[in-house]
Every structure is written in C-alpha cells, then in structure tokens.
Amino acid sequence: PPKREVGMSKASTSIPEFHTALLNSKRILALCGAGLSAASGLDTFRGKGGMWRNYRATSLATPEAFENDPGLVWLFYALRRHQALNAKPNMAHFALAELARQKGEEGFQCLSQNVDGTPPTLLSPPHTNPLGLSQRASHPPSQLKLLHSTLFNLKCFNDSCTYLDIDNFTDPLCPALTITPENIETRLAPAAKSMHNHLDPRRPKAIPEDELPHCPSCETGLLRPGVVWFGEALPSETIEGIDEWIEAGESVDLILVIGTTATVWPASSYVEIARRFGAKVAVVNMDDGELGSASDLREGDFWFQGDAAVLVPQMLE
Ligand SMILES: CC(C)NC(=O)[C@H](Cc1c[nH]c2ccccc12)NC(=O)[C@H](CCCC/N=C(/NCCC(=O)O)S[C@H]1O[C@H](COP(=O)(O)OP(=O)(O)OC[C@H]2O[C@@H](n3cnc4c(N)ncnc43)[C@H](O)[C@@H]2O)[C@@H](O)[C@H]1O)NC(=O)OCc1ccccc1
Ligand SMILES: [Zn+2]
C-alpha cells in the first residue's frame with residue numbers, strides 16, 4: 001500500500017490498515033480544530049477565507065482588544081454565534097459521536113478547540129433548542145472536552161464578578177449586535193481590517209458601550225463571550241478531567257488529529273502527550289501545509305488528506 005512522505009515520516013494512507021489499528025485501539029483521543037466544521041459552512045481561522053485572514057483575530061480574541069473596543073469584539077463574536085447557530089452538523093461529527101457511543105467514556109475522549117460546540121450531536125427534530133453543534137446528537141457530554149469553552153457561555157468582564165450564563169443561544173443578544181450584512185460591512189469589516197491601530201484609543205468605537213449587553217449581577221460590568229482568549233488559562237476542570245482520563249488508563253492507543261493546524265498551545269500539546277502514552281497518530285487535513293505538533297509522523301502513523309466530513313466516516317465505519 002502507498003506510503004506518504006510526511007515530514008520524513010512513513011505514514012500510511014491506507015484506510016484498511018487504519019481499520020485494523022482502530023480495532024486494536026482500546027483508548028482513543030481526538031484533537032479537533034476548525035477544519036472539522038468547515039463542511040458545515042463555518043470559517044476556519046487560517047485556511048482560505050479563514051477568519052484570521054479577514055480579521056486579525058489573535059488581536060480580536062484577547063482581553064486587551066475587548067478592553068479597548070468591546071463593541072468591535074462583540075460584533076466579531078456575535079457573527080460567529082449567528083453562523084454557528086445556523087450551521088448543521090456534518091458526517092464527521094456524526095461519525096465521532098457514534099465512535100464515542102461505541103467506545104464509551106473509558107475508550108474515547110474528544111478534545112475540541114472549537115468554540116461553536118463541535119463535534120455535533122444529533123437531536124431528533126423538531127428539537128428547537130439550538131444547542132452547540134457538538135451537543136446535537138447525544139455525543140455523551142462526558143466524552144467531549146471544550147478546551148476553549150464555547151461561544152454560548154457569557155460571563156462578566158469585571159474580574160471581581162463571577163457571573164456566568166451557560167448555554168445562552170439568544171441571537172441577537174441585543175439590537176446593536178444584530179447580524180446583518182450592513183452591520184458587518186459598516187461596523188465590523190472596516191474596523192477589523194484596519195487592525196494596525198485597533199488599540200489606538202482615539203479610534204472611534206464600533207458600538208457605544210451603553211448599547212452592549214451588561215452584567216445583570218453587578219450591573220456595572222459588560223458581558224463578554226465566555227471563550228478562552230489568548231493569554232487566558234484554559235478551563236481548569238476540563239484540563240484536569242483530560243489529564244485524569246489519560247493517567248487513569250496508563251496508555252493511549254490512538255489520537256485522531258482532525259482539521260487543525262495544531263499551532264495553538266496548550267491544546268496542541270496533547271499530540272505529544274498521547275505519543276508519550278504510546279499512541280499512534282492519525283492526521284486528517286485538507287492540506288499538508290501547516291500541521292504544527294502533528295507534522296512529524298512516523299512508521300505506524302496515518303495521514304489522510306481531504307475533507308474530514310468525507311474521510312472521518314470512512315475511517316470510523
Ligand atoms: C498563536 C499561538 C502560537 N499562541 C498560543 O498558543 C498562545 C500563547 C502560548 C501559550 N503557550 C505557548 C507556547 C508556545 C507558543 C505560544 C504559546 N496560547 C494562549 O494564549 C493560551 C490560550 C489559547 C486559546 C486561544 N483561543 C482560541 N479560541 C477561542 C477564541 C476564539 O476562537 O475566538 S484559539 C483558536 O485558534 C485555533 C485555530 O486553530 P484551528 O482550529 O486548527 O484552525 P486553523 O484555521 O488554524 O486550521 C484549520 C485546519 O483545518 C484544515 N481544513 C480546512 N478545511 C478542512 C476540511 N474540510 N477537512 C479537513 N481539514 C480542513 C486546514 O487545512 C487547517 O489545517 C484554535 O485553537 C481555536 O480555538 N493561553 C495561555 O497560554 O494562557 C497562559 C496562561 C496560563 C495560565 C494562567 C493564565 C494564562
Ligand atoms: Zn458582573
């Protein structure tokens with residue numbers, strides 16, 4: 001069977017060989033990125049047309065950016081909430097949910113970097129509660145670790161205030177955050193494009209603060225998206241849960257690295273951690289450009305180039 005030169009590695013590209021490895025794997029991890037939801041119509045970050053291309057997101061996804069222009073940051077996240085709420089799960093999400101059910105809590109954990117709640121689950125229509133993509137098909141929540149939390153949690157920007165609003169799917173959150181082409185074209189795009197001076201306090205604010213959602217608890221603080229911004233710690237209970245699962249089993253047999261450039265830390269460190277616990281690495285990605293911590297593939301590893309929504313179901317069937 002064909003061997004693929006990936007970073008001096010001898011990774012297999014054979015699905016039948018992967019099926020054998022999957023059958024022999026008792027403990028499996030998946031590390032997922034934006035590419036998993038690309039087929040659901042959600043922009044990736046760095047890919048073609050990726051968010052990072054239009055909006056220097058690493059400078060929108062920071063407490064400093066929110067401090068400086070909360071309206072601009074809120075427009076960016078309101079747009080992504082709107083898109084995620086209107087997105088449909090794809091076949092890769094269903095396949096991962098099925099693997100989770102088959103392997104059970106001890107056998108499979110999905111580590112998602114996506115804040116739109118992917119991998120999805122399927123709730124039988126006409127279920128109207130638009131839970132995140134991941135929660136829409138009984139993907140056992142105990143087997144889903146949202147490393148960077150979710151767009152659908154809101155919290156208070158006041159450090160001293162512990163207000164937290166879980167699973168808030170209201171869209172729009174307030175009139176000023178109504179996602180319309182005009183609102184994006186007139187307020188978000190221009191400001192986000194000229195990011196070179198976005199921290200310049202003289203630059204006009206995208207939205208007056210009194211039009212933004214405020215904290216119902218302390219009443220002074222602005223509400224902010226409950227996602228993990230750059231420079232912020234990942235949710236400790238989530239990280240502890242993953243480390244306990246990894247240590248509890250002495251070994252990890254396989255890690256699926258799906259649709260990610262694996263360049264954001266500490267999320268990307270799980271590839272190396274899984275390797276240390278004996279795991280084979282199976283990478284699924286549309287292109288072999290930037291594979292970050294998953295780029296040094298070796299004998300026994302797997303590389304599948306293409307759309308996750310097509311390849312993951314084939315790999316897990
Ligand atoms: C840029 C990077 C180098 N910087 C970091 O990693 C930083 C700094 C840092 C920390 N440690 C380090 C060590 C070394 C270097 C840097 C650091 N990390 C942090 O700041 C972290 C927090 C990082 C989390 C940031 N938040 C996100 N998201 C939420 C917000 C939001 O989303 O707005 S990160 C965000 O970007 C990342 C994007 O990556 P991907 O999902 O992989 O998306 P991308 O577009 O890049 O790639 C898509 C891939 O899919 C492929 N694809 C496309 N279509 C398809 C398709 N159809 N099928 C298959 N594949 C496909 C493409 O080819 C491509 O390969 C994800 O993690 C995503 O969640 N916090 C922290 O360290 O805090 C400290 C601390 C510790 C304790 C106490 C206090 C503080
Ligand atoms: Zn508050």
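In each ligand, atom 1 is the first atom listed, and ligand 1 is the first ligand listed. Starting from 1, each residue takes its place in the sequence as its number.
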Sub-4.0 Å heavy-atom contact, A267 with ligand 1: no
Within one Ile-Leu-Val-Met-Phe-Trp-Tyr cluster: F18 and V310, side-chain cutoff 4.5 Å: no
Side-chain donor/acceptor of H214 to backbone N/O of L212, under 3.5 Å: yes
Flag side-chain contact, heavy atom, 4.5 Å: P225 against F66: yes
Residue part near ligand 1, for V115, under 4.0 Å between non-hydrogen atoms: side chain
Same apolar cluster: M286 and V257, side chain cutoff 4.5 Å: no
Residue portion contacting ligand 1 (non-hydrogen atoms closer than 4.0 Å) for T263: backbone
Side chain to side chain donor-acceptor pair (under 3.5 Å) involving T170 - partner list, sequence neighbours excluded: N168
Part of E232 within contact of ligand 1 (heavy atoms, under 4.0 Å): backbone
Contact list for residues 243-258, test salt bridge (Lys or Arg N to Asp or Glu O under 4.0 Å), sequence neighbours left out: none
Contact with ligand 1 for C32, non-hydrogen, under 4.0 angstrom: no
Proximal protein heteroatoms (N, O or S) of the Zn ion (ligand 2), under 2.8 Å: C156 SG, C161 SG, C215 SG, C218 SG
Minimum non-hydrogen distance to atom 21 (C) of ligand 1, winning option of W265, W229, F304: W265
Whether F157 and W229 hold their rings parallel, tilted or perpendicular, with breakpoints at 30° and 60°: perpendicular
Listed once per pair and sorted, the salt bridge (Lys or Arg N to Asp or Glu O under 4.0 Å) pairs that draw on residues 207-230, sequence neighbours left out: R224-E232
Proximity to ligand 1 by part of A38, non-hydrogen separation under 4.0 Å: side chain
